[in-house]
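Here the structure is laid out as structure tokens; the discussion comes afterwards.
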Amino acid sequence: MRRFAARPIGTRRLDLLPLLVEHAEEMSGVLSDPALHTFIGGVPDGPRELRSRYRRMTAGSPDPAVSWLNWVIRLRDESCLTGTVQATVGPTRHGLVAEIAWVVGTPWQGRGIATEASRGLVDWLGGQSVQAVIAHIHPEHRASAAVATAVGLAPLGVWHEGEIRWRRSIGG
């Protein structure tokens, strides 16, 4: 089974950089607003907890058929990190499918960063033999639903752990 690796992705305003443990310090500030946890629960991680989580994430999936791909979002003009995008790629009976997610820090929301980063990610995945992308979105999270719609995902009416599954075919 093919193992994928995150590679840098450029968009008009953004650099999606493969996640490194060293990003934890800056990202702990980016992700520090408790409001970011309204729909997912929990509380923001501090630098130590984020470094630990990033070590696990960058080590990769223990399942050799599954690839964990994680990027930080860098806003080029401001030369700062603003959030993350991620994809978990694995085989299904319909080919490779990527489950994607995104988060943008509160100070950068409403500027199209999540949409631009997610679109860049989906375009990149389409070039990697991925057949479809899915996302799970809380039914009251209008901003995430807007991002999903903007990148071509549609709700399936299927619920998973309190969220709605969205999907888009991207490959043959």
Side-chain angles (χ1 to χ4, degrees), residues 1 3-6 9 11 14 16 18-19 27 30-45 49-50 53-54 56-73 81-106 108-171:
M1 186 58 36
R3 200 71 180 205
F4 294 86
I9 300 169
T11 69
L14 309 172
L16 307 183
L19 179 72
M27 287 305 299
V30 171
L31 304 174
S32 65
D33 185 350
L36 293 174
H37 293 264
T38 299
F39 298 107
I40 61 172
V43 296
D45 286 331
E49 295 85 8
L50 215 47
R53 182 169 5 134
Y54 287 1
R56 289 189 305 274
M57 291 165 68
T58 58
S61 170
D63 182 342
V66 175
S67 298
W68 291 347
L69 307 170
N70 297 277
W71 292 262
V72 292
I73 304 167
L81 301 182
T82 62
T84 63
V85 290
Q86 61 187 49
T88 299
V89 179
T92 70
R93 67 178 193 267
H94 303 293
L96 290 172
V97 172
E99 184 171 337
I100 64 170
W102 53 85
V103 63
V104 170
T106 305
W108 300 276
Q109 290 179 3
R111 296 167 58 178
I113 292 170
T115 298
E116 185 174 334
S118 297
R119 188 173 288 129
L121 172 59
V122 169
D123 289 348
W124 183 84
L125 289 166
Q128 306 302 310
S129 304
V130 171
Q131 300 298 304
V133 293
I134 61 171
H136 294 97
I137 300 173
H138 190 282
E140 295 176 18
H141 199 316
R142 289 179 181 80
S144 278
V147 170
T149 299
V151 299
L153 281 79
L156 299 178
V158 174
W159 289 78
H160 176 75
E161 297 180 1
E163 296 180 319
I164 299 172
R165 180 173 292 162
W166 293 60
R167 186 179 192 283
R168 173 185 166 190
S169 295
I170 60 172

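Everything quoted here is computed from the prediction, not taken from an experiment.
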For this session: Using atom types as modelled and distance alone, determine if a side-chain donor or acceptor of Gln86 lies under 3.5 Å from a backbone N or O of Trp68.
Result: no

Seminar exercise, completed: Heavy-atom nearest pair, Ala132 first then Arg167, reads CB-NH2, 3.2 Å

Seminar exercise, completed: Those residues at least two apart in sequence (or on a different chain) that pass ring pair (Phe, Tyr, Trp, His ring centres under 6.0 Å) with Trp102 are none

Problem set entry | Smallest separation among heavy atoms of Thr115 and Ala150, with atom names | CG2-CB, 3.6 Å

Problem set entry | Side chains of Leu156 and Trp166 in contact at under 4.5 Å (non-hydrogen atoms) | no

For this session: Any pair with a residue in residues 123-145 that passes salt bridge (charged side-chain N to carboxylate O under 4.0 Å, His left out), sequence neighbours left out, goes on the list, sorted by first then second residue, please.
Result: none

For this session: Please name the residue in the list Val104, Ile73, Val122 that meets the side-chain contact (heavy atoms from CB on, under 4.5 Å) test with Val85.
Result: Ile73

For this session: Measure the CZ-CG distance between Phe4 and Leu69 for me, rounded to the nearest 0.5 Å.
Result: 8.0 Å

For this session: Enter the distance from Arg168:CZ to Ile100:CD1 here, rounded to the nearest 0.5 Å.
Result: 9.0 Å

Exercise. Can you find a heavy atom in the side chain of Phe39 that is under 4.5 Å from one in the side chain of Ile137?
Worked result: no

Exercise. Which heavy atom in Ala98 sits nearest to a heavy atom in Val89, and how many Å separate them?
Worked result: CB-CG2, 3.8 Å

Seminar exercise, completed: Value for CG (Leu19) from CG (Leu81), rounded to nearest 0.5 Å, stands at 10.0 Å

Exercise. Could you give the distance from OG1 (Thr88) to CG (Asn70), rounded to the nearest 0.5 Å?
Worked result: 7.0 Å

Seminar exercise, completed: To the nearest 0.5 Å, atom NE2 of His141 lies from atom OG1 of Thr38 at 7.5 Å

Exercise. Would you say Pro44 and Glu49 make side-chain contact, with heavy atoms under 4.5 Å?
Worked result: no

Exercise. Which heavy atom of Ala65 sits nearest a heavy atom of Pro91, and at what distance?
Worked result: O-CD, 3.2 Å

Exercise. Any side-chain heavy atom of Arg53 within less than 4.5 Å of one from Asp45?
Worked result: yes

Problem set entry | Closest heavy-atom pair and its distance - Thr84, Met27 | CG2-CE, 3.5 Å

Problem set entry | Between Glu99 and His136: side-chain donor-acceptor atoms closer than 3.5 Å | yes

Problem set entry | Min side-chain heavy-atom separation Arg119-Leu14 under 4.5 Å | no

For this session: Fit a plane to each ring of Trp71 and Trp124, take the angle between them on a 0 to 90° scale, and name the class: parallel (under 30°), tilted (30 to 60°) or perpendicular (over 60°).
Result: perpendicular

Seminar exercise, completed: Which of Val103, Leu36, Thr82, Asp33 passes side-chain contact (heavy atoms from CB on, under 4.5 Å) with Gln109? Answer is Leu36

Exercise. At their closest point, which heavy atom of Leu153 faces which heavy atom of Ile134, and how far apart are they?
Worked result: CD2-C, 4.1 Å

Exercise. Atom CG of Leu96 and atom OG of Ser67: how far apart are they, to the nearest 0.5 Å?
Worked result: 8.5 Å

